[in-house]
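The next block holds one structure in the form of structure tokens; read it before the comments.
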Amino acid sequence: MTINTRFDKSRLPSRHVTEGPARAPHRSYFYAMGITEEEIHQPWVGVATCWNEAAPCNIALNRQAQVVKHGVKKGGGTPREFTTITVTDGVAMGHEGMRSSLASREAIADTVELTMRGHCYDAIVGLAGCDKSLPGMMMAMVRLNVPSVFIYGGSILPGRLNGQDVTVQDVFEAVGKHQAGVMSDAELEILERVACPSSGACGAQYTANTMACVSEAIGLALLNSSSAPAPYESRDQFCEASGVAVMNLIEKNIRARDIVTRKSLENAARVVACTGGSTNGALHLPAIAHEAGIEFDLFDVADIMRDTPYFVDLRPGGKYVAKDLHEVGGVPVVLKELQKIGLLHEDCVTASGRTLGEELDDIRAEADGRVIHPAATPLTRTGGVVGLRGNLAPDGAIVKVAGMTEAEQVFTGPARVFDCEEDAFAAVKARAYQEGEVLVIRNEGPAGGPGMREMLATTAALSGQGMGKKVALITDGRFSGATRGFCVGHVGPEAAHGGPIALLRNGDVITINALTGEISVALSDEELGQRRVEWAGPRVTQYTSGALWKFARLVGSARHGAVTHPGAQAESHVYMDQ
């Protein structure tokens with residue numbers, strides 16, 4: 001047997017299942033699977049995917065995982081593939097299934113952690129392709145603090161209709177047009193058939209592509225690995241390179257928390273802002289930080305976004321999709337533009353083992369001025385996502401303003417209050433609301449929903465009716481990355497926790513000012529206090545057992561990432577050091 005002297009097996013978790021006479025029964029299982037003696041005594045790498053047949057975002061992950069395994073073997077490791085769940089938001093949207101979405105992020109992190117712990121794997125390469133699977137996989141990496149490399153499965157290609165690119169966002173908005181009588185059954189049927197022509201995640205700067213950009217900026221993914229669309233076999237080179245890279249990290253003992261630091265989280269928040277990314281970035285970045293024991297909440301994200309220019313013209317606020325970003329150089333060019341204006345921490349370690357600055361030194365592409373504008377002459381002077389605070393949201397709220405003029409970022413109007421998304425959607429469908437109103441959807445927070453549902457069906461219907469900029473919408477739930485219009489999410493504390501949103505009544509005058517960061521209701525402290533005394537308490541839900549019951553009782557505030565355990569600040573041991 002040849003022993004690989006690059007790695008000190010005595011310091012790796014896999015020694016507990018591969019080394020010494022007491023582990024003969026364990027080794028007998030490995031021989032049963034065709035693993036050789038040499039492979040048994042190498043480092044073991046978990047190759048984790050969220051592959052399933054639920055949606056196009058996941059369907060290509062299995063093939064890519066096979067290439068990763070080649071890379072691990074090339075680097076001197078023994079890959080072991082395993083899978084976890086995914087709840088895909090596009091399919092879960094607009095009905096009770098969406099309650100499972102945010103809870104699935106925690107389930108992904110938990111099941112990856114349990115698999116890694118149970119089988120004593122030494123490192124992980126994680127592949128994910130949908131909104132919650134990306135942060136869930138990264139959370140598991142940081143929680144375990146093992147050598148880790150993340151790979152995005154890639155975006156879907158845009159569809160084409162009447163000479164224009166179309167995406168699933170167009171289909172959601174077409175539902176509103178159909179309800180308004182300006183689109184026929186036949187036109188809707190044609191659009192739904194052509195909007196999603198390939199495997200891959202939703203194609204514009206919605207949550208999946210936002211978190212894919214985050215994976216590079218935060219350092220867990222190899223630079224330029226996220227932008228190629230899922231059908232492109234050129235992705236294979238990044239998959240193999242990621243397998244090789246994780247072996248390099250094992251050798252150098254570079255772990256996930258060496259990569260995910262306060263500085264790298266700030267880099268990630270800047271990329272969300274400058275690309276007009278999803279407001280969900282402000283939910284997932286605090287959750288990833290929590291796994292590292294780093295204080296980094298919604299307000300930290302918002303502060304960074306406030307002084308970050310918005311200069312990448314991506315849908316839904318802009319014109320282009322992920323494929324277009326790939327064709328002009330991808331995330332590295334975006335990072336170079338941030339570097340030029342002094343808004344990037346270049347000394348952060350990345351999955352390559354080199355610093356971000358060293359990696360960017362090798363990038364020759366420049367901003368094209370169409371998809372990626374020079375950061376010095378941005379589309380707008382501040383980021384595409386803005387944090388809000390006031391007597392209506394003491395724990396904060398967040399709004400996506402990419403593509404909105406400054407005049408459109410200030411709104412005052414009377415409240416029209418709904419106690420769940422279904423009631424709001426029915427009112428929108430029936431046009432039972434007025435121009436100038438602030439539609440309030442409450443009881444949809446992490447605990448109160450439960451599950452903090454996204455409201456794309458409602459917001460897309462408003463846009464399809466041509467009312468997206470004529471009303472505002474606020475919720476203690478959240479919005480899809482495909483949402484556009486003046487839509488405020490993450491209002492906290494949520495209604496279930498007795499936040500002011502629980503106390504609102506029809507006609508209360510609400511002011512939202514994204515320029516000053518204000519969200520308030522024209523009620524005195526005394527009036528709010530009296531209403532609190534009269535409040536009947538949290539809405540009773542039908543989820544009195546099962547996974548959503550557990551999630552509702554464990555989940556914390558959206559401000560801190562809607563997490564379900566104490567995090568690294570409370571841990572008394574680190575898995576990798578066992």
Determine yes or no for a side-chain-to-main-chain donor-acceptor pair under 3.5 angstrom, with [X] supplying the side chain and [Y] the backbone.
X: Ser104; Y: Ala107; answer: no
X: Gln465; Y: Val428; answer: yes
X: Arg539; Y: Asn443; answer: yes
X: Asn513; Y: Val410; answer: no
X: Asp476; Y: Val491; answer: no
X: Trp51; Y: Ala60; answer: no
X: Arg442; Y: Ala495; answer: no
X: Tyr575; Y: Met116; answer: yes
X: Arg257; Y: Val142; answer: yes
X: His290; Y: Gly567; answer: yes

Locate the shortest heavy-atom distance separating [X] from [Y]; write the atom from each residue and the value.
X: His497; Y: Ala447; value: NE2-CB, 3.7 Å
X: Val385; Y: Met305; value: O-CB, 3.3 Å
X: Ala424; Y: Ile441; value: CB-CD1, 3.5 Å
X: Tyr152; Y: Ala208; value: OH-CB, 3.8 Å
X: Gly129; Y: Cys57; value: O-CB, 3.2 Å
X: Gly153; Y: Gln64; value: O-NE2, 2.9 Å

Are [X] and [Y] linked by a side-chain donor-acceptor pair shorter than 3.5 Å?
X: Asn58; Y: Thr88; answer: yes
X: Thr83; Y: Thr49; answer: no
X: Arg99; Y: Thr541; answer: no
X: Glu444; Y: Thr475; answer: no
X: Tyr206; Y: Asn280; answer: no
X: Thr111; Y: Thr84; answer: yes

Stepwise side-chain contact (heavy atoms from CB on, under 4.5 Å) check, Leu473 with Phe418: CA-CA 11 Å; Leu473 196 157; Phe418 303 96; over 6 Å; no

So how far is it from [X] [atom1] to [Y] [atom2], rounded to the nearest 0.5 Å?
X: Leu134; Y: Leu127; atom1: CG; atom2: CG; answer: 10.0 Å
X: Arg262; Y: Asn267; atom1: CZ; atom2: CG; answer: 11.5 Å
X: Asn209; Y: Lys323; atom1: CG; atom2: NZ; answer: 13.5 Å
X: His284; Y: Met138; atom1: NE2; atom2: CE; answer: 9.0 Å
X: Asp89; Y: Cys202; atom1: CG; atom2: SG; answer: 8.5 Å
X: Arg143; Y: Glu291; atom1: CZ; atom2: CD; answer: 4.0 Å

Partners meeting side chain to side chain donor-acceptor pair (under 3.5 Å) with Tyr320 (sequence neighbours left out): none

Could you tell me whether [X] and [Y] have a side-chain N and a carboxylate O separated by less than 4.0 Å?
X: Asp307; Y: Arg270; value: yes
X: Asp508; Y: Arg531; value: yes
X: Glu173; Y: Arg315; value: no
X: Lys177; Y: Asp170; value: no

Is there side-chain contact between [X] and [Y], with at least one heavy-atom pair below 4.5 Å?
X: Cys213; Y: Gln205; answer: yes
X: His560; Y: Pro286; answer: no
X: Leu191; Y: His178; answer: no
X: Leu392; Y: Ile512; answer: no
X: Pro450; Y: Val555; answer: no
X: His565; Y: Leu554; answer: no
X: Leu504; Y: Ile510; answer: yes
X: Met467; Y: Arg431; answer: yes

Derivation and outcome, side-chain hydrogen bond (donor to acceptor under 3.5 Å, both in side chains), residues Arg478 and Thr207: CA-CA 12 Å; Arg478 58 198 173 90; Thr207 305; 5.9 Å; no

Over 12 non-hydrogen atoms of neighbours within 6.0 angstrom of CD in Glu295: no

CD (Glu534) with more than 12 external heavy atoms under 6.0 Å: yes

Candidate pair Thr86 and Lys132, rule side-chain contact (heavy atoms from CB on, under 4.5 Å), full reasoning: CA-CA 8 Å; Thr86 311; Lys132 305 307 170 298; over 6 Å; no

Step-by-step side-chain contact (heavy atoms from CB on, under 4.5 Å) determination, Asp131 to Glu454: CA-CA 11 Å; Asp131 293 10; Glu454 291 183 348; 4.2 Å; yes

cation_pi(Arg389, Phe299) dist<6.0 Å, angle<=45: yes

Residues Lys400, Phe479; criterion side-chain contact (heavy atoms from CB on, under 4.5 Å); working and verdict: CA-CA 9 Å; Lys400 187 172 185 176; Phe479 292 111; over 6 Å; no

